[in-house]
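Notes to accompany the following structure.
Please read these numbers as outputs of a predicted model, since none were measured by experiment.
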Amino acid sequence: MGTGDASGGRRAGHDGRVGRRVVAGLLAVAGTAVLGTVFVVLPGVVVDHDLAGASVAAPDRLKAVNDVRTTLLQVIGGLVVLFGAYATWRQLRVSQAGLRATQEGYVTDRFSRAVDQLGSDKLDVRIGGLHALWRIAEQSDRDREAIISILAAYLRTHLPWPPAGPLAPAADVPINDIAPLETRTADAQVALTALGVLCEHREQSWVNLSLTDLRRADCDGLWFPEVNFDRACMEAASLYHANLTQASLVSLNLRHADLTTAILRRARCVLTDLRAAKLVATDLRDADFTGTDLREANLRKADAHGAVFHRADLRLADLRGTDLSTADLAEARLTGALASEHTRWPAGFDRTAAGVVDTEDPGPEPSPLLQPPGTTWQAPPLRSTP
């Protein structure tokens with residue numbers, strides 16, 4: 001039975017090969033006949049048709065026939081070139097599709113391995129996973145938004161506010177006794193830096209970093225537009241030249257934070273704690289500081305066009321050179337605030353009745369390169385009480 005099956009299989013295979021050879025032979029014969037017709041018969045027919053029975057010399061007729069053959073050859077050659085170009089284009093498209101599929105599979109594999117690293121007990125492994133995600137986000141537009149969400153979730157879960165866990169500094173620990181974020185939680189600082197870089201080119205509207213412990217975080221030059229920091233703690237954080245355009249900073253603790261030359265345009269700073277914060281030459285245009293505590297804050301040379309300070313506490317604040325010409329100071333408390341001849345007030349505002357103290361302008365601001373880093377400097381005690 002098995003021998004019969006094998007013989008039948010060999011016979012079927014042999015018959016199939018013979019059939020294919022026959023078909024190939026027929027196609028070759030047909031192709032030869034077509035070419036013969038095109039190059040032997042058709043030129044003569046075309047020339048006779050064009051002559052319409054007129055008598056011409058044999059050499060002239062032969063030349064006309066050869067001209068027709070040359071034209072036909074050129075047409076066929078052009079068609080062959082076009083077909084070759086089309087075949088090459090199709091092959092290129094197929095190759096590109098295969099390459100994209102390979103690359104996407106490689107990126108997916110890297111993405112999965114990087115996310116797995118975030119759950120490691122080893123600090124260096126977690127940092128490696130964060131850097132891997134950062135690099136993937138810079139190379140893959142499709143994965144950038146997901147990675148931004150992962151980084152934000154990583155910060156919220158690893159650094160909750162109020163603090164949780166035995167290793168986190170308690171909420172009531174003096175800020176000068178707390179190490180910079182990059183020292184006490186290096187992986188969180190890496191995640192925050194990556195987030196602040198990737199947010200410059202993100203597409204989604206909001207990123208959630210609310211209720212996060214970012215005390216003494218290094219955010220210099222980072223981008224956090226439309227980021228939600230509500231009810232978080234960024235006490236003594238360094239935000240030099242950071243971009244916080246339209247960010248939500250409601251009830252955020254920014255005591256002693258360095259926001260020099262930062263951008264807070266149209267930011268929501270309602271009920272924010274900015275006591276003793278540095279906002280030197282900061283862009284505060286159209287920001288909302290309703291009910292904000294700005295006691296002892298340094299707002300020298302800040303641009304507060306259109307900013308709202310309704311019921312804000314600006315006692316002992318430094319307003320020398322600050323542009324408040326179109327700001328809303330309704331019910332703002334300004335007792336002991338410093339002003340100079342370069343301070344610009346709203347039309348009709350009586351700064352003397354508000355308790356503002358006029359003094360000399362401090363002149364040019366010192367270079368930030370000559371000052372200690374914002375994450376390591378010692379915060380002086382507040383003169384005002386809560």
How far apart are the C-alpha atoms of Thr290 and Arg311, what are their side-chain angles, what is the distance that settles it, and do they pass the side chain to side chain contact (heavy atoms under 4.5 Å, CB included) test?
CA-CA 6 Å; Thr290 299; Arg311 297 196 307 273; 3.9 Å; yes

Answer with yes or no whether the side chains of [Y] and [X] bring together a donor and an acceptor at under 3.5 Å.
X: Gln189; Y: Thr193; value: yes
X: His305; Y: Thr326; value: yes
X: Ser238; Y: Asp258; value: no

With a 6.0 Å cut-off (strictly less than), is the heavy-atom count around CZ of Arg184, excluding the residue itself, greater than 12?
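For Arg184, atom CZ is crowded (more than 12 foreign heavy atoms under 6.0 Å).
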
With rounding to the nearest 0.5 Å, note down the distance linking CZ in Arg202 to CH2 in Trp223.
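If I round to the nearest 0.5 Å, the distance is 10.5 Å.
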
From Thr212 OG1 over to Trp161 CH2, what is the distance, rounded to the nearest 0.5 angstrom?
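Spacing of OG1 (Thr212) from CH2 (Trp161) equals 11.0 Å.
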
Residue list, ring pair (Phe, Tyr, Trp, His ring centres under 6.0 Å) with Tyr240, at least two apart or on another chain:
none

Distance-minimising heavy-atom pair for [X] and [Y]:
X: Ala339; Y: Val356; value: CB-CG1, 3.5 Å
X: Asp213; Y: Pro160; value: CB-O, 3.6 Å
X: Ala168; Y: Pro163; value: CB-CB, 3.9 Å
X: Glu341; Y: Thr359; value: OE1-O, 4.2 Å
X: Ala188; Y: Leu155; value: O-CD2, 3.3 Å
X: Cys199; Y: Pro225; value: O-CG, 4.2 Å

Do NZ/NE/NH1/NH2 and the carboxylate oxygens of [X] and [Y] come within less than 4.0 Å?
X: Asp293; Y: Arg275; result: yes
X: Arg295; Y: Asp313; result: yes
X: Asp141; Y: Arg144; result: yes
X: Arg215; Y: Glu235; result: no

[X] side chain near [Y] side chain, heavy-atom distance below 4.5 Å:
X: Leu133; Y: Leu118; value: yes
X: Arg255; Y: Leu382; value: yes
X: Thr185; Y: His158; value: no
X: Arg315; Y: Ser384; value: no
X: Thr322; Y: Leu284; value: no
X: Phe111; Y: Ser140; value: no
X: His342; Y: Arg320; value: no
X: Thr245; Y: Arg266; value: yes

Using side chain to side chain contact (heavy atoms under 4.5 Å, CB included), reason through Thr183 and Arg216 one step at a time and then give a plain yes or no.
CA-CA 10 Å; Thr183 301; Arg216 286 196 179 275; over 6 Å; no

Verdict with reasoning, Leu299 to Leu324, per side chain to side chain contact (heavy atoms under 4.5 Å, CB included):
CA-CA 11 Å; Leu299 289 89; Leu324 297 161; over 6 Å; no

Okay, side chain of [X], backbone of [Y]: is any donor-acceptor separation there less than 3.5 Å?
X: Ser120; Y: Val125; result: no
X: Asn176; Y: Ala379; result: yes
X: Thr343; Y: Ser340; result: yes
X: His241; Y: Thr261; result: yes
X: Ser251; Y: Thr272; result: no

What residue among Asp121, Asp187, Asp116 forms salt bridge (Lys or Arg N to Asp or Glu O under 4.0 Å) with Arg126?
Asp187

same_hphob_cluster([X], [Y]) at 4.5 Å side-chain heavy-atom cutoff:
X: Tyr154; Y: Val190; answer: yes
X: Val207; Y: Leu151; answer: yes
X: Leu264; Y: Leu209; answer: yes
X: Leu181; Y: Val197; answer: yes
X: Ile148; Y: Leu222; answer: yes

Test side chain to side chain contact (heavy atoms under 4.5 Å, CB included) applied to Met234 and Asp273, Leu214, Asn253, the passing residue
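Result for side chain to side chain contact (heavy atoms under 4.5 Å, CB included) with Met234: Leu214.
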
Under the criterion side chain to side chain contact (heavy atoms under 4.5 Å, CB included), I'd like the reasoning laid out for Trp134 against Leu198: C-alpha separation, chi angles, the key distance, then a yes or no.
CA-CA 8 Å; Trp134 187 351; Leu198 297 175; 4.0 Å; yes

Give the ring-plane orientation class for Phe229 versus Phe224, where under 30° counts as parallel, over 60° as perpendicular and anything between as tilted.
perpendicular

